[in-house]
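Everything numeric here is computed off the predicted structure, so don't read it as measured data.
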There are 2 protein chains.
Amino acid sequence: MTHSDALADLLRQRIIDGEFMPGSRLSESALSNQFEVSRNTLRETYRALAEQGLLTHVPHRGVSVSAPSMADVVDIYRCRRTVECTTMRGSRPEHPAVQRMADALHLAETHLAAEDWLGIGSANMAFHEGIVALSDSPRLMRMFRNVAAELRLVFLTLDDPHALHAPFVASNRRVLTVFTAEGPEAGALELERYLLNSERSVLGAYTRANRA
Amino acid sequence: MTHSDALADLLRQRIIDGEFMPGSRLSESALSNQFEVSRNTLRETYRALAEQGLLTHVPHRGVSVSAPSMADVVDIYRCRRTVECTTMRGSRPEHPAVQRMADALHLAETHLAAEDWLGIGSANMAFHEGIVALSDSPRLMRMFRNVAAELRLVFLTLDDPHALHAPFVASNRRVLTVFTAEGPEAGALELERYLLNSERSVLGAYTRANRA
DNA sequence: CACTTTGGATTGTTGAACAATACGGATCAG
DNA sequence: CTGATCCGTATTGTTCAACAATCCAAAGTG
């Protein structure tokens with residue numbers, strides 16, 4: 001793996017972990033010093049992450065961490081419904097990825113008991129990544145990972161993200177139960193309900209955070 | 001627009017037009033001379049196009065035009081069905097993008113009469129881009145454009161791509177007719193049938209081309 | 001107050017240089 | 001002849017320094 005690729009992974013993780021808040025500009029000289037790479041290498045990394053939607057590039061004004069608008073949130077959830085629901089509707093409960101879903105869900109429930117809010121968020125995302133993995137489609141997985149990363153940016157700007165993650169662990173459990181017990185069609189409907197609810201919650205929290 | 005962005009558009013077009021065939025390596029020194037940019041600028045362009053899937057980057061071996069495998073073709077069509085069918089199923093025939101579809105279709109029929117095979121391919125793609133435009137989703141549009149570009153790479157390697165485009169103009173017409181006359185659900189089913197047929201044809205031609 | 005100017009800071013791009021790696025061919029043992 | 005090893009060359013990965021182009025904010029101007 002090349003230096004620039006590794007930096008992309010690292011920077012991506014740092015951003016998702018909240019070290020660089022959405023909207024903040026990423027100075028080329030500052031970060032090239034911080035990560036001890038040249039400006040050119042850093043700029044290659046920027047190009048890749050910008051193409052993924054995590055960074056926003058404005059010519060002659062540099063890159064900044066994307067700060068999704070409400071319209072973006074709506075669009076992200078539209079993508080999620082399109083990809084996740086369609087995938088589940090076309091999958092069988094015998095698919096190996098179901099195990100990934102179950103594992104992630106179990107982890108989420110453990111974190112819920114321990115009140116590890118950050119862990120819940122990650123486990124929740126792993127659960128939905130498991131759903132998309134049902135498709136066996138590298139491209140759909142990539143698409144999902146990109147919008148999921150953007151969505152995490154949104155959570156970074158909200159006041160109490162745990163209030164948004166915690167109640168939905170039970171919903172995810174229901175999605176999995178219905179999917180395995182009643183089949184893909186019923187599971188997909190349950191999943192769609194989940195996503196619509198989640199979208200509503202996030203939009204509400206978004207409005208609240210930007211009004212304060 | 002920055003120099004590197006413009007080069008990305010240009011190179012993308014050149015590739016789609018078949019100037020650089022799938023699988024061919026793109027030497028940094030050669031292309032930086034040809035396009036009269038520095039290696040560093042060219043490498044930024046490479047990063048962007050690689051992230052879009054049009055170029056394939058292998059560390060220390062440079063970038064080459066992606067040469068989609070049969071598995072890739074299957075995956076591309078899976079993405080198309082997911083995005084296109086779901087979009088149409090959730091749209092109304094009154095949407096302004098329907099006009100784009102109609103225009104593209106008319107253009108395709110004109111090119112068909114004139115036996116302009118290249119034009120048919122482009123118009124066909126514009127028609128399906130119109131379908132995705134029904135979603136009003138920038139991200140779904142971007143996803144589609146990426147997989148559509150990859151699919152064009154596949155056509156470049158086939159022997160007589162016109163045989164693959166021409167018969168499907170009528171199918172597209174039927175999709176539009178059914179969508180406007182019978183509604184989204186019926187249109188989506190017709191569209192799915194189209195995509196499955198198209199996939200089958202492409203896979204067949206792919207096998208034929210790689211056996212010869 | 002609105003408008004222009006100007007200077008500093010940041011980005012965009014270049015060219016050269018060197019390090020790191022991959023590839024192909026030469027060499028050599030068996 | 002076969003296979004393995006070694007080496008030289010070409011290409012990519014990365015750095016650095018420099019300059020051009022652009023933006024921004026602060027200063028001045030009417």
Side-chain angles (χ1 to χ4, degrees), chain A residues 1-15 19-69 142 149-150 153, chain B residues 1-15 19-69 142 149-150 153:
Chain A
M1 183 189 288
T2 174
H3 212 153
S4 170
D5 294 329
L7 182 56
D9 290 345
L10 179 61
L11 187 52
R12 185 186 180 87
Q13 196 57 49
R14 295 286 181 92
I15 291 171
E19 184 169 332
F20 303 96
M21 288 299 283
S24 63
R25 284 196 40 218
L26 300 183
S27 156
E28 292 187 356
S29 54
L31 288 207
S32 61
N33 285 335
Q34 173 173 345
F35 292 114
E36 296 181 322
V37 296
S38 76
R39 270 183 65 210
N40 291 29
T41 301
L42 181 64
R43 284 171 61 88
E44 287 187 22
T45 301
Y46 280 175
R47 290 277 171 183
L49 293 181
E51 204 63 40
Q52 293 175 11
L54 208 64
L55 298 182
T56 299
H57 173 101
V58 180
H60 295 287
R61 280 209 259 164
V63 307
S64 48
V65 181
S66 296
S69 65
R142 198 165 38 132
E150 280 192 87
L153 295 183
Chain B
M1 181 188 286
T2 174
H3 211 153
S4 169
D5 295 330
L7 182 57
D9 289 345
L10 179 60
L11 187 52
R12 185 187 179 86
Q13 195 57 49
R14 295 285 182 91
I15 291 171
E19 183 169 334
F20 303 95
M21 287 300 282
S24 63
R25 285 196 40 221
L26 301 183
S27 156
E28 292 187 356
S29 55
L31 264 71
S32 62
N33 285 334
Q34 173 172 345
F35 292 114
E36 295 181 322
V37 296
S38 75
R39 268 182 67 211
N40 287 327
T41 301
L42 180 65
R43 283 171 61 90
E44 288 188 22
T45 302
Y46 279 175
R47 290 275 172 186
L49 292 181
E51 204 63 40
Q52 293 174 12
L54 208 64
L55 298 182
T56 298
H57 173 97
V58 181
H60 292 104
R61 282 209 258 164
V63 307
S64 47
V65 181
S66 295
S69 65
R142 196 162 40 117
E150 280 191 88
L153 295 183

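Within the structure, a side-chain polar atom (N or O) of A:Arg25 is placed less than 4.0 Å from OP1 or OP2 of C:dT11. The side chain of A:Ser4 places no N or O atom within less than 4.0 Å of a non-bridging phosphate oxygen (OP1 or OP2) of D:dG13.
Residues A:Arg39 and A:Asp5 each lie close to DNA chain D; by heavy-atom proximity, the contact nearer the 5' end of the strand is made by A:Asp5.
Comparing C:dA16, C:dT11, C:dA17 against the side chain of A:Glu28 picks out C:dT11 as the nearest. Side-chain atoms of A:Arg43 lie closest to C:dG12 of the nucleotides C:dT11, C:dG12, C:dA17. The nucleotide whose nearest atom lies closest to any side-chain atom of A:Thr2 is, among D:dG13, D:dT12, D:dT15, D:dG13.
For the pair A:Leu42 CG and C:dT11 P, the computed distance is 9 Å after rounding to whole Å. In this structure, the CG atom of A:Leu7 is 14 Å from the C1' atom of D:dG13, given to the nearest Å. Atom pair A:Leu26:CG and C:dT10:C1' shows a separation of 14 Å (rounding to whole Å applied). Atom NE2 of A:His60 is separated from atom P of D:dC19 by 19 Å (rounded to the nearest Å). Straight-line distance from the NE2 atom of B:His57 to the P atom of D:dT12: 10 Å, rounded to whole Å. Spacing between atom CG of A:Asn33 and atom P of C:dT11 amounts to 12 Å, rounded to whole angstrom units. In this structure, the CG atom of B:Leu31 is 14 Å from the C1' atom of D:dT12, given to the nearest Å. Separating the CE atom of B:Met1 from the P atom of D:dT22 is a distance of 14 Å, rounded to the nearest angstrom.
Annotation: side chain of A:Glu19 is not in contact with side chain of A:Leu11 (no heavy-atom distance under 4.5 Å).
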Evaluation steps, side chain to side chain contact (heavy atoms under 4.5 Å, CB included), between A:Asp5 and B:Arg47:
CA-CA 10 Å; A:Asp5 294 329; B:Arg47 290 275 172 186; 2.5 Å; yes
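The base of D:dG13 is not paired with the side chain of B:Arg61 by any donor and acceptor separated by under 3.5 Å.
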Can you list, pair by pair, the side-chain donor-acceptor contacts under 3.5 Å of residues 53-61 of chain B, counting residues two or more places apart and other chains?
from    : atom 1 : to      : atom 2 : distance (Å)
B:Thr56 : OG1    : B:Ser66 : OG     : 2.8

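Using a 4.0 Å heavy-atom cutoff across all strands shown, A:Glu36 reaches sugar-phosphate atoms only and no base atom.
Of the possible donor and acceptor atoms, one in the side chain of B:Ser38 sits under 3.5 Å from a partner among the backbone N and O of B:Thr41.
Sorted by first and then second residue, the salt bridge (charged side-chain N to carboxylate O under 4.0 Å, His left out) pairs involving residues 26-36 of chain B (not counting sequence neighbours) are B:Glu28-B:Arg39, B:Glu28-B:Arg43.
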